[in-house]
Chemist: 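Dumping the structure here so I can ask a few things about it.
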Amino acid sequence: RLERGATIYDVGCGGGLMTVMLANKFPASRFIGIDVLPTAIAVARQEATKSSTKNVEFQLMNANELPPDSADCIILNEVLHEIQMSERSSALKAIYDALRPGGLLFLVDVLVPENIFDYSQSEYVPGALCDFFEAPWGSKILTRPEFEKLIPQAGFSSPEYLECSDSLVVAYFLK
């Protein structure tokens with residue numbers, strides 16, 4: 001689909017490196033990176049200009065502002081935990097609504113254990129560190145049961161897991 005031409009939103013694109021890389025790999029597709037941080041969008045735009053990438057744009061926007069039926073694919077790469085808890089359900093619903101029929105949400109994020117004593121296990125180190133360093137900004141990393149409860153509330157049906165454990169989720173969801 002990307003080789004034939006599709007519209008892809010990269011939600012929480014940050015400095016845009018991945019968005020630009022994908023845009024260069026799939027020149028028939030249109031990539032739109034969005035982020036809520038003006039500095040991130042400025043850096044992403046510089047990255048696109050530096051690499052002369054024509055099929056990418058960057059917008060200051062949050063997931064709740066995605067236009068309905070505008071995307072074939074939406075990427076959430078280590079961003080779900082960044083969305084404030086009070087806005088997570090509405091953001092995921094807006095993402096669902098932004099996807100065209102047959103559209104795909106690709107999601108990667110860390111998870112934390114349900115039992116706090118499990119934080120000491122090596123598989124939870126990335127999630128524990130992320131949880132520790134991001135908590136002051138209001139981020140909350142989900143447990144696997146919390147994640148599995150949240151996703152269907154937005155309208156997504158069962159995920160296709162590429163990797164899923166109690167510490168990491170890599171999945172895609174079809175609309």
Side-chain angles (χ1 to χ4, degrees), residues 1-2 6-23 26 29-45 47-48 55-112 127 130-131 133-162 164 168-175:
R1 197 184 303 184
L2 294 175
T7 300
I8 299 92
Y9 279 90
D10 183 5
V11 175
C13 65
L17 290 174
M18 184 183 76
T19 317
V20 169
M21 179 196 70
L22 288 168
F26 299 102
S29 289
R30 178 177 173 231
F31 290 83
I32 305 151
I34 68 169
D35 206 294
V36 297
L37 298 174
T39 306
I41 294 300
V43 169
R45 287 176 177 158
E47 185 64 31
N55 59 326
V56 66
E57 63 184 87
F58 294 97
Q59 299 177 9
L60 185 63
M61 175 192 303
N62 72 40
N64 285 316
E65 299 171 303
L66 288 168
D69 294 317
S70 60
D72 298 298
C73 178
I74 296 178
I75 300 167
L76 276 179
N77 186 22
E78 295 189 31
V79 172
L80 184 62
H81 71 269
E82 301 278 352
I83 300 170
Q84 297 295 312
M85 286 298 290
S86 61
E87 295 181 22
R88 249 179 231 178
S89 291
S90 62
L92 285 170
K93 179 69 173 119
I95 287 168
Y96 181 85
D97 292 343
L99 287 169
R100 295 181 179 120
L104 178 133
L105 165 63
F106 181 75
L107 185 145
V108 177
D109 219 320
V110 293
L111 300 171
V112 292
C130 192
D131 205 21
F133 285 110
E134 307 229 7
W137 290 275
S139 295
K140 173 161 183 343
I141 299 175
L142 301 175
T143 64
R144 185 172 176 176
E146 289 171 330
F147 170 77
E148 290 175 344
K149 182 180 176 188
L150 181 65
I151 294 297
Q153 292 172 354
F156 291 102
S157 56
S158 57
E160 293 291 329
Y161 289 113
L162 303 173
C164 191
L168 175 71
V169 62
V170 179
Y172 64 91
F173 307 83
L174 294 174
K175 178 173 182 181

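Heads up: numbering here begins at 1 and tracks the sequence. FYI, side chains are in, hydrogens and waters are out, and symmetry mates aren't considered; it's all heavy atoms of this structure.
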Chemist: Between atom CZ of F147 and atom CZ of R88, what is the distance when rounded to the nearest 0.5 Å?
Modeler: 11.0 Å
Chemist: Which residue is it: Y172, F156, Y9? I am looking for the one with a side chain to side chain contact (heavy atoms under 4.5 Å, CB included) to L105.
Modeler: F156
Chemist: List the atom of I8, the atom of S29, and the distance in Å for their closest heavy-atom pair.
Modeler: CD1-CB, 3.8 Å
Chemist: Restricting to pairs with a member in residues 92-104, which pass side chain to side chain donor-acceptor pair (under 3.5 Å), not counting sequence neighbours?
Modeler: D72-R100, K93-D97
Chemist: Is there a side-chain contact between R144 and V169 (heavy atoms, below 4.5 Å)?
Modeler: no
Chemist: I need the single residue from E146, Q84, H81 that forms a side chain to side chain donor-acceptor pair (under 3.5 Å) with K140. Which is it?
Modeler: E146
Chemist: Do E82 and V36 come close enough that some side-chain heavy atom pair is under 4.5 Å?
Modeler: no
Chemist: Shortest non-hydrogen contact from C13 to F58?
Modeler: SG-CD2, 3.7 Å
Chemist: What's the shortest heavy-atom distance between P101 and D69, and which atoms?
Modeler: CD-OD1, 4.3 Å
Chemist: Among V108, L107, N77, which residue satisfies the side chain to side chain contact (heavy atoms under 4.5 Å, CB included) criterion with V170?
Modeler: V108
Chemist: Which distance, rounded to the nearest 0.5 Å, do you find between the CD1 of I75 and the CG of L104?
Modeler: 9.0 Å
Chemist: Looking at every heavy atom in both A94 and N64, which two are closest together, and how far apart are they?
Modeler: CB-CA, 3.8 Å
Chemist: Report yes if some heavy atom in the side chain of L142 is under 4.5 Å from a heavy atom in the side chain of D109; otherwise report no.
Modeler: no
Chemist: Tell me, please, which residues at least two apart from Y161 pass side-chain hydrogen bond (donor to acceptor under 3.5 Å, both in side chains).
Modeler: E148
Chemist: Atom CD1 of I95 and atom NZ of K175: how far apart are they, to the nearest 0.5 Å?
Modeler: 12.0 Å
Chemist: Considering non-hydrogen atoms only, spot the tightest contact between L99 and I74 and give its length.
Modeler: CD2-CG1, 3.8 Å
Chemist: Checking E57 now: which residues fulfil salt bridge (charged side-chain N to carboxylate O under 4.0 Å, His left out) with it, not counting sequence neighbours?
Modeler: R30
Chemist: Is there side-chain contact between L92 and L80, with heavy atoms separated by less than 4.5 Å?
Modeler: yes
Chemist: If I take atom CG from residue L150 and atom CE from residue M85, how far apart are they, to the nearest 0.5 angstrom?
Modeler: 7.0 Å
Chemist: Give, for atom CG of L111 and atom CG of L168, the distance between the pair rounded to the nearest 0.5 Å.
Modeler: 7.0 Å
Chemist: Which heavy-atom pair separates G14 from D35 by the least distance, and what is that distance?
Modeler: N-OD2, 2.7 Å
Chemist: Got a donor-acceptor contact below 3.5 angstrom from the N55 side chain to the A23 backbone?
Modeler: yes
Chemist: So L22 and M18, do their side chains get closer than 4.5 Å, heavy atoms only?
Modeler: yes
